[in-house]
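Scope of the values below: all heavy atoms of this structure, side chains included, with no hydrogens, waters or symmetry mates. It should be emphasised that the depicted structure is a prediction, and the values quoted were computed from it without experimental measurement.
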Amino acid sequence: MSPHLPPSESVPSHALVGWREWVGLPGLGVEWLKAKVDTGARTSSLHAFGLKEFTRDGESWVRFEVHPWQRSADDAVPVELPVHDHRRVRSSSGHTERRVVVMLELRVLDRVIPAEVTLTRRDAMGFRMLVGRELLSQGFLVDSAASYLGGKPPRAVRRANKRPPAREHRRSFRHPAED
């Protein structure tokens, strides 16, 4: 604390988040998505299924699906967005990958914040989204011992996130030679 300011003025107001939170992507119609809060990641990252870049009116765009539920393609949301940028991103295992960056509105706690988000395949990861430092620097502090400080969605939503995948969605990739 600053010795020159009263305590209420010396510490900026920050919202506290846990190491994992339920977030939303309101611009895409995704109300609930489990996310890991990752202070080791600069940019937030979203698991994108069927990622394809294309050109529309001379501009770069990307098409993909968001699967809000872990281990399931139920309630998949198709998305088309302009490409904001491309970035080289180093994973926690040290591998470098070139990723598409899009601008999304991300709801964390009760705040909606525009954020740069990289798109990637996070098949082996436990969370569909990582919330990185760029977004956290906009007024959030992380309590690494806490989870879901922003609350949880209704029980039906949490159960949907835990249900086993529908039979037709268990195998998401088919090699063309298998058709």
Side-chain angles (χ1 to χ4, degrees), residues 1-2 5 7-51 53 60-71 77 79-153 157-158 161:
M1 283 196 227
S2 169
L5 296 174
S8 64
E9 294 178 33
S10 62
V11 177
S13 175
H14 285 82
L16 195 61
V17 296
W19 73 270
R20 58 185 173 172
E21 289 291 341
W22 284 93
V23 300
L25 304 170
L28 304 182
V30 176
E31 287 299 313
W32 299 103
L33 188 71
K34 238 185 214 184
K36 179 179 178 183
V37 176
D38 187 353
T39 60
R42 186 179 122 216
T43 309
S44 297
S45 178
L46 176 65
H47 183 72
F49 289 85
L51 185 65
E53 288 188 69
S60 293
W61 281 64
V62 65
R63 177 181 299 124
F64 60 97
E65 283 187 346
V66 175
H67 296 185
W69 314 127
Q70 304 288 115
R71 300 172 302 280
V77 177
V79 178
E80 290 185 355
L81 291 169
V83 172
H84 177 69
D85 198 4
H86 288 89
R87 302 251 171 85
R88 289 225 172 275
V89 176
R90 186 181 324 265
S91 70
S92 59
S93 62
H95 294 93
T96 300
E97 174 186 26
R98 183 176 184 262
R99 293 186 188 172
V100 172
V101 181
V102 295
M103 291 300 296
L104 291 176
E105 287 186 334
L106 185 60
R107 188 192 76 244
V108 179
L109 305 180
D110 60 349
R111 295 177 51 199
V112 176
I113 300 164
E116 291 183 338
V117 176
T118 66
L119 303 177
T120 187
R121 292 297 307 253
R122 296 183 44 78
D123 290 323
M125 305 300 175
F127 293 88
R128 295 286 195 222
M129 179 156 215
L130 293 180
V131 176
R133 289 189 314 270
E134 287 178 344
L135 185 133
L136 294 170
S137 70
Q138 297 183 51
F140 296 95
L141 293 175
V142 180
D143 181 344
S144 62
S147 295
Y148 309 122
L149 295 178
K152 296 179 182 178
V157 171
R158 295 193 316 266
N161 196 55

Is it the case that R128 places NZ or CZ above or below the six-membered ring of W69, under 6.0 angstrom from the centre and within 45 degrees of the axis?
no
Spatial distance of atom CE (M103) from atom CG (D85) [nearest 0.5 Å]:
10.5 Å
Students often mix this up, so state it plainly: with edges at 30° and 60°, are the rings of F127 and W19 parallel, tilted or perpendicular?
perpendicular
Do E97 and T120 have a side chain donor and acceptor closer than 3.5 Å?
yes
What is the distance from atom CH2 of W22 to atom CZ of R107, rounded to the nearest 0.5 Å?
10.5 Å
Can you tell me if E21 uses its side chain to pair, donor with acceptor, with the backbone of G150 under 3.5 Å?
yes
With a 6.0 Å cut-off (strictly less than), is the heavy-atom count around CZ of R87, excluding the residue itself, greater than 12?
yes
What distance do L136 atom CG and D38 atom CG have between them, rounded to the nearest 0.5 Å?
9.0 Å
As an exercise, state the distance from CG of L135 to CG of L130, rounded to the nearest 0.5 Å.
12.0 Å
Give, for atom OG of S44 and atom NZ of K36, the distance between the pair rounded to the nearest 0.5 Å.
13.0 Å
Residue pair H47 / E65, side-chain donor-acceptor N/O under 3.5 Å:
no
Between T39 and R133, do the side chains contain a donor N or O and an acceptor N or O under 3.5 Å apart?
no
